[in-house]
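Since we're looking at a predicted model, the values are computed, not measured.
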Amino acid sequence: MKRKEFLRSVGASAAFAVLYPCLGSCSKDDATNGTIVKEPEGVNFTVDLNSSEGQKLNENGSFILKNYVVVAKNLDGEFVAASQVCSHQQYDQVRFVPIEGGIFHCDVHGSKFAQDGSPLNQVQGDPARPIKIYNIQREGDILTITA
């Protein structure tokens with residue numbers, strides 16, 4: 001066998017052997033478990049309630065995700081914002097859910113938080129820690145979210 005033929009045959013096999021495990025681990029199922037990330041620092045952004053992004057906040061109980069922050073319109077029609085990063089194990093899966101009066105919930109391990117960030121349950125025996133709550137100022141149709 002000539003060298004070119006050998007390299008060509010080994011190259012395809014080697015590429016398959018290296019890429020197959022990577023392709024298998026990049027499945028959609030893994031993405032739903034979230035990603036471990038750092039708590040956002042220096043949070044300071046705006047949401048225009050008239051924009052396509054902001055219009056998702058029209059309904060009570062709705063939320064958007066921006067810059068690792070969950071911005072929600074609670075069940076009373078007030079805007080609240082919390083870290084998207086769970087205090088349990090730093091997964092980016094905290095969402096606002098319209099149950100129990102409206103709570104922040106991480107679906108990775110089931111952590112629940114009140115709208116003031118205080119923990120509502122203990123998960124896997126770990127001491128419960130609050131999540132970060134951000135300030136929201138509304139000026140007309142512009143929300144400003146800050147740390």
Side-chain angles (χ1 to χ4, degrees), residues 7 9-147:
L7 290 175
S9 67
V10 170
S13 299
F16 180 78
V18 169
L19 291 177
Y20 182 76
C22 293
L23 295 173
S25 68
C26 295
S27 72
K28 185 177 179 185
D29 293 341
D30 289 340
T32 60
N33 290 332
T35 304
I36 295 176
V37 296
K38 285 186 166 187
E39 181 79 35
E41 295 181 17
V43 170
N44 186 350
F45 63 88
T46 60
V47 175
D48 183 345
L49 295 174
N50 292 318
S51 69
S52 59
E53 172 186 56
Q55 288 179 356
K56 295 174 185 173
L57 294 170
N58 284 342
E59 302 290 323
N60 291 0
S62 60
F63 71 90
I64 61 170
L65 305 174
K66 185 171 183 174
N67 301 338
Y68 290 110
V69 174
V70 181
V71 180
K73 188 172 187 181
N74 70 16
L75 301 180
D76 295 326
E78 300 169 353
F79 292 101
V80 293
S83 175
Q84 184 182 332
V85 181
C86 184
S87 62
H88 175 237
Q89 289 186 348
Q90 289 68 51
Y91 281 95
D92 63 348
Q93 293 298 301
V94 174
R95 306 294 190 261
F96 186 82
V97 289
I99 60 169
E100 302 173 30
I103 63 168
F104 292 101
H105 177 263
C106 179
D107 66 355
V108 176
H109 297 110
S111 299
K112 296 179 182 181
F113 306 92
Q115 292 179 40
D116 66 0
S118 60
L120 297 172
N121 63 340
Q122 186 170 330
V123 180
Q124 296 179 347
D126 290 339
R129 294 183 314 269
I131 58 169
K132 175 77 175 156
I133 298 297
Y134 297 100
N135 301 311
I136 295 186
Q137 291 183 321
R138 182 174 182 175
E139 199 169 309
D141 289 327
I142 304 294
L143 300 179
T144 301
I145 295 87
T146 57

(message) Just to verify, what does Phe104 make a ring-ring contact (aromatic ring centres under 6.0 Å, His included) with, not counting sequence neighbours?
(response) Phe96
(message) Applying side-chain contact (heavy atoms from CB on, under 4.5 Å), can you list everything that pairs with Asn50, at least two apart in sequence or on another chain?
(response) Asp48, Asp141
(request) Using the test side-chain hydrogen bond (donor to acceptor under 3.5 Å, both in side chains), find all partners of Asn121 that sit at least two apart in sequence or belong to another chain. (result) none
(message) Considering only residues two or more places apart or on different chains, which pairs with a residue in residues 108-119 satisfy salt bridge (Lys or Arg N to Asp or Glu O under 4.0 Å)?
(response) Glu100-Lys112
(request) Could you tell me whether the side chain of Ile133 reaches within less than 4.5 Å of the side chain of Val80, counting heavy atoms only? (result) no
(request) Grab the two heavy atoms, one from Ala81 and one from Ile145, that are nearest each other, plus how far apart they are. (result) CB-CG2, 4.1 Å
Side chains of residues 63-77: which donor-acceptor pairs under 3.5 Å do they make with residues two or more places apart or in other chains?
from	atom 1	to	atom 2	distance (Å)
Lys66	NZ	Thr46	O	3.0
Lys66	NZ	Glu53	OE1	3.4
Lys73	NZ	Asn58	O	3.1
Asn74	OD1	Asp76	N	2.9
Asn74	OD1	Gly77	N	3.0
Asn74	OD1	Glu78	N	2.9
Asn74	ND2	Gln115	OE1	2.9

(request) Specify the closest pair of heavy atoms between Gly110 and Val123, including all atoms of both residues, with the distance to one decimal. (result) C-CG2, 4.2 Å
(message) Taking side-chain hydrogen bond (donor to acceptor under 3.5 Å, both in side chains) as the definition, give me every residue that meets it alongside His88, ordered by chain and number, with sequence neighbours left out.
(response) His109, Asp126
(request) Among residues two or more places apart or on two chains, list those pairs meeting salt bridge (Lys or Arg N to Asp or Glu O under 4.0 Å) that have a residue in residues 80-94. (result) none
(request) List for me each residue that meets salt bridge (charged side-chain N to carboxylate O under 4.0 Å, His left out) alongside Glu59, sequence neighbours excluded, and say none if there are none. (result) none
(message) Suppose we screen for side-chain contact (heavy atoms from CB on, under 4.5 Å). Which residues come up paired with Glu39, at least two apart in sequence or across chains?
(response) Ser83, Val85, Lys132, Tyr134
